[in-house]
Amino acid sequence: MESTAASKPKSEYLVPRISQFKIALCQLLVTTDKDTNLNCARNMLEEAADKGAKLLILPEMWVCPYSHEYYAKCAEELDKEESSQAFSMLSKVASSRKITIVGGSIPVRKNCKIYNTCCVFGPDGKLRAKHSKLHLFDYYEPGASFKESDSFTAGDTPTIVDTDVGRIGIGICHDIRFPELAMLYRAKGADLIIYPGAFNMSTGKMLWELETKARAIDNQVFVAVCSPCRDSAGSYTIWGHSMIVGPSGETKGRAEHEENIVIAEIDYAENQLQRELFPMLNQHKEDLYKLLDTE
Ligand SMILES: *[C@@H]1O[C@H](CO)[C@@H](O)[C@H](O)[C@H]1NC(C)=O
């Protein structure tokens with residue numbers, strides 16, 4: 001039976017959590033060599049952990065360039081040790097530094113299909129959640145079409161995960177352009193929504209910051225977006241500008257287009273405060289419109 005998301009009871013929080021901590025966005029340079037990318041990511045994660053960050057985020061597609069010809073070659077099969085180097089590196093860094101990692105996204109092969117997938121690891125190194133991009137980026141411009149669905153199979157479930165650093169909703173890149181997904185995460189009690197992404201130069205300039213702020217203010221939650229840096233390899237030129245935005249739309253930290261680690265303070269009390277100052281959920285007109293949770 002369908003129900004409105006807001007009317008569903010919120011499940012209890014099952015892991016002890018901290019609500020004030022440092023978050024780090026690793027805006028790394030992606031090359032055509034997977035080993036180089038793995039080393040670069042490991043170094044950046046360790047550097048961010050050494051600076052005190054408890055939640056580390058990688059960008060969309062960081063093991064290979066965001067270009068069709070690399071996906072099959074770099075794809076990992078998560079249940080096979082010999083073909084899951086990125087997966088095991090993330091797990092090891094998470095457990096050795098006792099931190100939570102939202103591992104950007106990598107191509108993942110399952111039953112001969114390839115998905116654009118984000119893996120979340122807890123401080124014990126265990127996989128906590130896996131999100132495959134729901135909305136593939138296809139557009140139809142005369143002479144300049146782009147179809148991510150030629151390369152990837154879309155995921156089919158929203159992902160919200162309880163971690164030691166809050167209840168986190170996950171989306172990947174184009175998923176940010178569907179406000180209903182973020183609304184669903186908010187209705188299910190998300191403290192923070194994270195989108196590893198790689199916008200191009202024109203939508204990057206026009207929409208990247210706007211979409212990030214819109215998802216944050218509509219839902220009164222923290223929102224983080226993490227991109228590879230501009231000079232990454234491949235035919236697709238990436239905007240960069242990884243950023244973290246608070247529940248009233250204020251920028252907490254932001255990169256330009258170069259390689260960089262953005263570190264910012266998160267305090268979930270700000271979500272609560274913003275929701276008290278401006279109780280939008282109580283102002284909803286459920287008799288006029290409703291969010292459906294079909295799960
Ligand atoms: C970026 O993507 C948009 C579609 O969202 C497209 O219209 C535009 O031409 C692309 N820009 C570049 C520089 O590839």
Side-chain angles (χ1 to χ4, degrees), residues 25 27-32 37 57-74 104-107 114-118 131-156 158-159 169-185 193-219 223-245 249 251 254-260 262:
L25 313 174
Q27 178 165 294
L28 52 80
L29 176 87
V30 179
T31 71
T32 55
N37 299 330
I57 305 175
L58 287 173
E60 182 181 28
M61 233 17 91
W62 58 273
V63 295
C64 66
Y66 185 79
S67 292
H68 179 80
E69 62 269 35
Y70 299 99
Y71 301 144
K73 199 173 70 184
C74 294
S105 80
I106 62 171
I114 299 184
Y115 297 83
N116 184 345
T117 301
C118 173
H131 177 84
S132 291
K133 190 172 191 170
L134 296 170
H135 306 90
L136 297 177
F137 181 56
D138 289 358
Y139 70 85
Y140 306 89
E141 213 169 69
S145 295
F146 185 97
K147 282 190 76 187
E148 201 179 26
S149 61
D150 285 343
S151 308
F152 295 113
T153 301
D156 57 10
T159 305
I170 309 281
I172 298 177
C173 201
H174 198 43
D175 285 340
I176 200 173
R177 296 192 63 179
F178 297 83
E180 294 87 346
L181 181 65
M183 288 166 67
L184 193 69
Y185 289 157
I193 305 177
I194 296 175
Y195 299 93
F199 271 33
N200 74 18
M201 292 297 285
S202 46
T203 47
K205 186 165 189 194
M206 209 160 44
L207 302 178
W208 174 256
E209 180 167 347
L210 190 62
E211 296 278 5
T212 305
K213 291 191 168 176
R215 298 298 83 81
I217 57 172
D218 284 355
N219 298 293
V223 174
V225 288
C226 186
S227 165
C229 76
R230 175 86 41 93
D231 296 327
S232 295
S235 51
Y236 181 92
T237 310
I238 297 170
W239 176 241
H241 292 85
S242 300
M243 68 188 298
I244 166 103
V245 171
T251 301
R254 195 172 99 122
E256 297 299 321
H257 64 79
E258 301 93 352
E259 189 165 51
N260 197 2
V262 178

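Keep in mind it's a predicted model, so treat the numbers as computed, not measured. Whatever order the structure lists ligands and atoms in, that order sets their numbers, starting from 1.
- Between H241 and H257, the ring-plane angle classifies as tilted under the 30° and 60° cut-offs.
- Under the salt bridge (charged side-chain N to carboxylate O under 4.0 Å, His left out) criterion, the residue pairs touching residues 170-183 are R177-E211, with sequence neighbours excluded.
- Checked against side chain to side chain donor-acceptor pair (under 3.5 Å), S145 has no partners two or more places apart in sequence or in another chain.
- Classification of the F146-Y66 ring pair by plane angle, with boundaries at 30° and 60°, yields parallel.
- Ordered by chain and residue number, the residues placing a heavy atom less than 4.0 Å from ligand 1 are F137, Y139, E141, N200, S202, T203.
- For C173, the side chain to side chain contact (heavy atoms under 4.5 Å, CB included) partners two or more places apart in sequence, or in a different chain, are E60, K133, F199.
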| Can T117 and S132 be said to form a side-chain hydrogen bond (donor to acceptor under 3.5 Å, both in side chains), step by step? | CA-CA 4 Å; T117 301; S132 291; 2.9 Å; yes
